[in-house]
Enquirer: 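The structure is given below, and queries will be raised subsequently.
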Amino acid sequence: MVKIYSLLFGIIASVSISLYSFMYILRNIYYYFKNKSLRRFINKLLPFFSKYNSLLLVLALVSSILHILGVFINTPILNTGYAVFFILLLVAKFTFFGSKNSNNSYILNVLSYLLLFALVIHYFI
């Protein structure tokens, strides 16, 4: 029963991580492509993701902690779930406790891609 709940928390965490990273992907698509219809579509989506970005991050943190407590309590320390959680903690650190320098948005952009890549690796390993 505990494993079912922890897997449910893992699914919630992975969906919220994917939605969190999707905002940065949309921003990069917006800047790289000059198609007006694509930019108009992205302009409709970005306010939603910007508004709920921190909520998605908190939801991902809480649900991944509950997922780790349920599933990875008896697994070795070098598991891919811990790598995803570590990158998620770095993202939360730079989001909530970051400095106001110009590199902060670049760091969050790189970390969001790294987080999504680590999540994909976590699924397939």
Side-chain angles (χ1 to χ4, degrees):
M1 188 71 168
V2 173
K3 287 217 177 216
I4 293 172
Y5 286 129
S6 61
L7 289 176
L8 180 67
F9 286 126
I11 291 170
I12 292 170
S14 63
V15 167
S16 56
I17 286 171
S18 299
L19 287 175
Y20 174 82
S21 298
F22 192 61
M23 184 188 81
Y24 291 101
I25 293 169
L26 280 177
R27 282 184 184 174
N28 289 338
I29 289 172
Y30 182 83
Y31 288 121
Y32 289 132
F33 295 107
K34 303 296 182 194
N35 189 353
K36 287 189 180 193
S37 64
L38 181 65
R39 282 187 164 202
R40 199 174 309 127
F41 177 71
I42 291 173
N43 276 336
K44 290 179 185 176
L45 291 177
L46 274 180
F48 172 77
F49 286 111
S50 296
K51 183 177 180 180
Y52 295 112
N53 198 22
S54 59
L55 178 68
L56 287 171
L57 184 60
V58 169
L59 181 67
L61 274 171
V62 170
S63 58
S64 64
I65 287 172
L66 294 173
H67 176 64
I68 286 173
L69 287 176
V71 173
F72 298 122
I73 202 73
N74 294 324
T75 58
I77 195 68
L78 295 175
N79 195 338
T80 58
Y82 294 119
V84 171
F85 185 68
F86 178 71
I87 297 170
L88 190 61
L89 284 177
L90 283 176
V91 167
K93 187 257 181 211
F94 282 111
T95 301
F96 297 122
F97 305 113
S99 63
K100 300 297 180 195
N101 61 7
S102 63
N103 289 337
N104 199 21
S105 64
Y106 176 74
I107 291 171
L108 284 173
N109 191 11
V110 170
L111 283 176
S112 70
Y113 279 104
L114 189 61
L115 182 63
L116 195 60
F117 179 71
L119 186 66
V120 169
I121 295 295
H122 176 65
Y123 277 141
F124 293 115
I125 289 182

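For the numbers below, each heavy atom of this structure counts, side chains included, while hydrogens, waters and symmetry mates do not. Worth saying up front: this structure is predicted, and the values here are computed from it rather than measured.
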Enquirer: Holding to side chain to side chain donor-acceptor pair (under 3.5 Å), I want the full list of residues that pass it with Ser63, two or more places apart in sequence or in another chain.
Expert: none
Enquirer: If hydrophobic clusters are built from ILVMFWY residues whose side chains come within less than 4.5 Å, do Ile87 and Ile121 share one?
Expert: no
Enquirer: Rounded at 0.5 Å granularity, tell me how far CG in Leu116 sits from CD1 in Ile25.
Expert: 5.0 Å
Enquirer: How long is the gap from OG on Ser16 to CD1 on Ile11, to the nearest 0.5 Å?
Expert: 12.0 Å
Enquirer: OG of Ser112 to CG of Asn53: how many Å apart, nearest 0.5 Å?
Expert: 9.0 Å
Enquirer: Within a reach of under 6.0 Å around OH of Tyr123, are more than 12 heavy atoms found that belong to other residues, nucleotides or ligands?
Expert: yes
Enquirer: Cation-pi check, Arg27 to Tyr30: give yes when NZ or CZ is under 6.0 Å from the six-membered ring centre and within 45° of the ring axis, no otherwise.
Expert: no
Enquirer: If we ignore hydrogens and angles and just use 3.5 Å, is the side chain of Ser21 paired with the main-chain N or O of Ser18 as donor and acceptor?
Expert: no
Enquirer: Checking Tyr113 now: which residues fulfil ring-ring contact (aromatic ring centres under 6.0 Å, His included) with it, not counting sequence neighbours?
Expert: none
Enquirer: Which residues pass the side chain to side chain contact (heavy atoms under 4.5 Å, CB included) test with Leu61, sequence neighbours left out?
Expert: Phe85, Leu88, Leu89, Ala92
Enquirer: Indicate if Phe22 and Leu46 have the same hydrophobic cluster label, given that clusters are the connected sets of ILVMFWY residues with side-chain heavy-atom separations under 4.5 angstrom.
Expert: yes
Enquirer: Does Tyr31 reach the side chain of Ile42, with side-chain heavy atoms less than 4.5 Å apart?
Expert: no
Enquirer: Using a 3.5 Å distance criterion without hydrogens, assess whether the side chain of Arg39 forms a donor-acceptor pair with backbone atoms of Phe33.
Expert: yes
Enquirer: Report yes if the side chains of Leu90 and Leu114 come closer than 4.5 Å at any heavy-atom pair, otherwise no.
Expert: no
Enquirer: Apply side chain to side chain contact (heavy atoms under 4.5 Å, CB included) to Leu69 and Phe9, showing your working.
Expert: CA-CA 10 Å; Leu69 287 176; Phe9 286 126; over 6 Å; no
Enquirer: Roughly how far, to the nearest 0.5 Å, is OG1 of Thr95 from CG of Asn104?
Expert: 7.5 Å
Enquirer: State yes or no: do Ile65 and Leu115 share one hydrophobic cluster built from I, L, V, M, F, W and Y residues joined by side-chain heavy-atom distances below 4.5 Å, directly or via other members?
Expert: yes
Enquirer: Distance check, rounded to the nearest 0.5 Å: Leu7 atom CG versus Ile4 atom CD1?
Expert: 8.0 Å
Enquirer: Verify the cluster assignment for Val58 and Tyr24: are they in a single hydrophobic cluster under the rule of side-chain heavy atoms below 4.5 Å apart?
Expert: yes
Enquirer: Could you tell me whether the side chain of His122 and the main chain of Gly81 form a donor-acceptor pair under 3.5 Å?
Expert: yes
Enquirer: Any heavy-atom pair between the side chains of Phe96 and Leu57 that's under 4.5 Å?
Expert: yes
Enquirer: With hydrophobic residues grouped by side-chain heavy-atom distances under 4.5 Å, do Val91 and Val15 end up in a single group?
Expert: yes
Enquirer: Could you tell me the separation between the CE atom of Met23 and the CG atom of Asn109, rounded to the nearest 0.5 Å?
Expert: 9.0 Å
Enquirer: Do Tyr52 and Leu59 have side-chain heavy atoms sitting under 4.5 Å apart?
Expert: no
